[in-house]
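Shown next, in structure tokens, is the structure this report addresses.
Read the numbers this way: they start at 1 and go in the same order the structure lists the ligands and their atoms. Residue numbers start at 1 and run along the sequence shown.
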Amino acid sequence: MSTMENLIGLVNRIQRACTVLGDYGGEGASALPTLWESLPTVAVVGGQSSGKSSVLESIVGRDFLPRGSGIVTRRPLVLQLHKTDDGSPDYAEFLHLPNKRFTDFARVRNEIQEETDRVTGRSKMISPVPIHLSIYSSNVVNLTLVDLPGLTKVAVEGQPESIVGDIENMVRSYVDKPNCLILAISPANQDIATSDAIKLAREVDPSGDRTFGVLTKLDLMDKGTNAIDVLDGRAYRLQHPWVGVANRSQADINKSVDMIAARRKEREYFATSPDYGHLSSRMGSEYLAKLLSKQLESAIKSRIPSILSLINKTIDELESEMNHLGRPIAVDAGAQLYTILELCRAFDRIFKEHLDGGRPGGERVYGVFDNQLPAALKKLPFDRHLSLQNVRKVVSEADGYQPHLIAPEQGYRRLIDGALGYFKGPAEASVDAVHFILKELVRKSLNETQELKRFPTLQAEVAAAANEALERFREDGRKTATRLVDMESSYLTVEFFRKLPQEVEKGGNPAAPAMDRYTEAHLRRIGSNVSAYVGMVCDTLKNSIPKAVVYCQVREAKNCLLNHFYTQVGKKEGKQLLALLDEDPALMERREGCAKRLELYKSARDEIDAVSWAR
Ligand code: GDP
Ligand code: MG
């Protein structure tokens, strides 16, 4: 295969890949870069019934395009011609029906019709999504052509008013591209000044560099007139010489004159024409096909450096986006487990930084011990509990019918017990306050673990596992802190009471009547003794509650927040692991799109490199 055939084959392959990726010209420009637009193509433009489909068919040498009056072509048809040299029979293949070879070209026509309807419905609507058709034949030249809906002036029955503009916009979206060669079809039996094709071509290609004028229906001109003025470029000058063709008439089609016969007839027509005989070497569909192939080849050749640089630039962009989006998930369970653990560790690291400093939040735990707890302790209602009345009530009730003799042992115990009970509140409040701080830090850390954002399911599971663990730590913290309080109640510091000054030694009368035991001074003394003892316990708890909280909650959170989760994950099978790595669908789609495109661009680059070497 020659280098040039390689080039067109290369562009054909890239174009097909572009369509598979939804990367084609036209509307709905995706945010992703399109390679399509940089690829040279030939687009056929002209008014309705100007002979576009006929020209395409004669270039191919096959009947395969839907025909009929009105708007028949309603989606772009990307027609890729592949020259074969193995002598096998001609066949066609659609991109949307891979591996299905059509050898009956009437079936190709049906498929084009049906595939058009599949996207546009049976209505007369149009769609910019191209149909890709490849034709393999020994009678074609390598060429890519795009058949487009015919330009119209008015909407007909059943068409929306917007159709005139819609068609023009779609056609424009193809011919606007500087890489598009324009095959401008004008019928010879109409004044060239009224040609829609020439009007549009002049607008988008003022220099005429990429416009190829084709004059159809030469055979239908009024007797005594000819198109020499146009074909010689006098009526309307184009950069490239005009090409005249004589396609099959409607009558020929009705009579099923085959293409081989039609080509022969066309050759004879020019060879024997008194008007065009001198031009016959550059007339006819066969000449047109070769001319276009040559033009397309040189267009591709001149575009290769810029296509390559676009490809390289895009590969860089896509790779950096892929890095940002994260690599695709590994397929084997071991690697998946590793990924999950890595993600958990990343979260854990951030969480620790919050506790240890480096990231904010940990200092709020100290705030609980330094402010909240002391303030809560200070607010405990000991004044009320140790009021004269209450002391009297508790002590006398404890004494029962027999007033105490020296010191109200039972009364003391009850007063102290009652007072110590109040410590449970602040103890539990500290546990809870630290719990909520830790929970908040978990939430923050999850948010700050960028890698984890890709996997909403795993993120949720880690959140649940961390919160569950914190809940367990809180339970333990609560138990331990209340236990500290209970311990204070269970055994009083004997020392303290032994050191208390004895009332009797202060000249009290040991033989005094029982009622005297309840004097105000006596009760006040009891109250202040209890208060002093409770104060001592309070100082102890102020120190020991934080120790319990840190021991049970903070330290555990730091060391084994996700331990339980790790054990569970370790037991999971491949499928469950993959479910954990379930990604945000939008993100997954984006990455998939990027990855496919990256593959496309890389293989395009390889192919171009290969062609360059062969040159
Ligand atoms: P399109 O709408 O531009 O695709 O036009 P078609 O290719 O469907 O052609 C419209 C009609 O013009 C058909 O009946 C063709 O047979 C007829 N036609 C096209 N080109 C020629 C030509 O060169 N000579 C003759 N006699 N008829 C032609
Ligand atoms: Mg047509």
Would you tell me which option among I253, D219, V245 has the nearest heavy-atom contact to atom 26 (N) of ligand 1? D219
Relative to the heavy atoms of Q250, which atoms of ligand 1 are at a distance of less than 4.0 Å? 13 (C), 14 (O), 16 (O)
Please determine if E317 and R597 form a salt bridge, counting it only when a charged side-chain N lies under 4.0 Å from a carboxylate O. no
Salt bridge check, E114 against R107: does any charged N sit closer than 4.0 Å to a carboxylate O? no
Out of S53, S54, S58, which one pairs with N247 under the side chain to side chain donor-acceptor pair (under 3.5 Å) rule? S58
Decide whether an N or O pair under 3.5 Å exists between Q48 and ligand 1. no
Under 2.8 Å from the Mg ion (ligand 2), is there an N/O/S atom belonging to S49? no
Per-atom filter on ligand 1: closer than 4.0 angstrom to a heavy atom of L220 are 25 (C), 26 (N), 27 (N)
Strictly below 4.0 Å, N to O, side chains only: are D63 and R248 in salt-bridge contact? yes
Atom indices of ligand 1 within 4.0 angstrom of G47 heavy atoms, with elements: 3 (O)
Cationic N near anionic O, under 4.0 Å, K223 to D275: no
Taking only non-hydrogen atoms of G51 and a 4.0 Å limit, the atoms of ligand 1 in range are 1 (P), 3 (O), 5 (O), 6 (P), 7 (O), 9 (O), 19 (C)
Distance under 4.0 Å to a non-hydrogen atom of K52: what atoms of ligand 1 satisfy this? 1 (P), 2 (O), 3 (O), 4 (O), 5 (O), 7 (O)
Using heavy-atom distances only, which candidate in S54, A246, G46, P66 approaches atom 19 (C) of ligand 1 most closely? S54
What are the two closest heavy atoms between L231 and G244, and how far apart are they? CD2-N, 3.7 Å
Electrostatic pair K301-E297, nearest N-O below 4.0 angstrom: no
What atoms in ligand 1 come closer than 4.0 Å to a heavy atom of S49? 1 (P), 2 (O), 3 (O), 5 (O), 10 (C)
Indicate the ring-plane relationship of Y136 and H82, choosing parallel, tilted or perpendicular according to the 30° and 60° boundaries. parallel
One residue to check: E57. Relative to ligand 1, which of side chain, backbone, both or neither has a non-hydrogen atom less than 4.0 Å away? neither
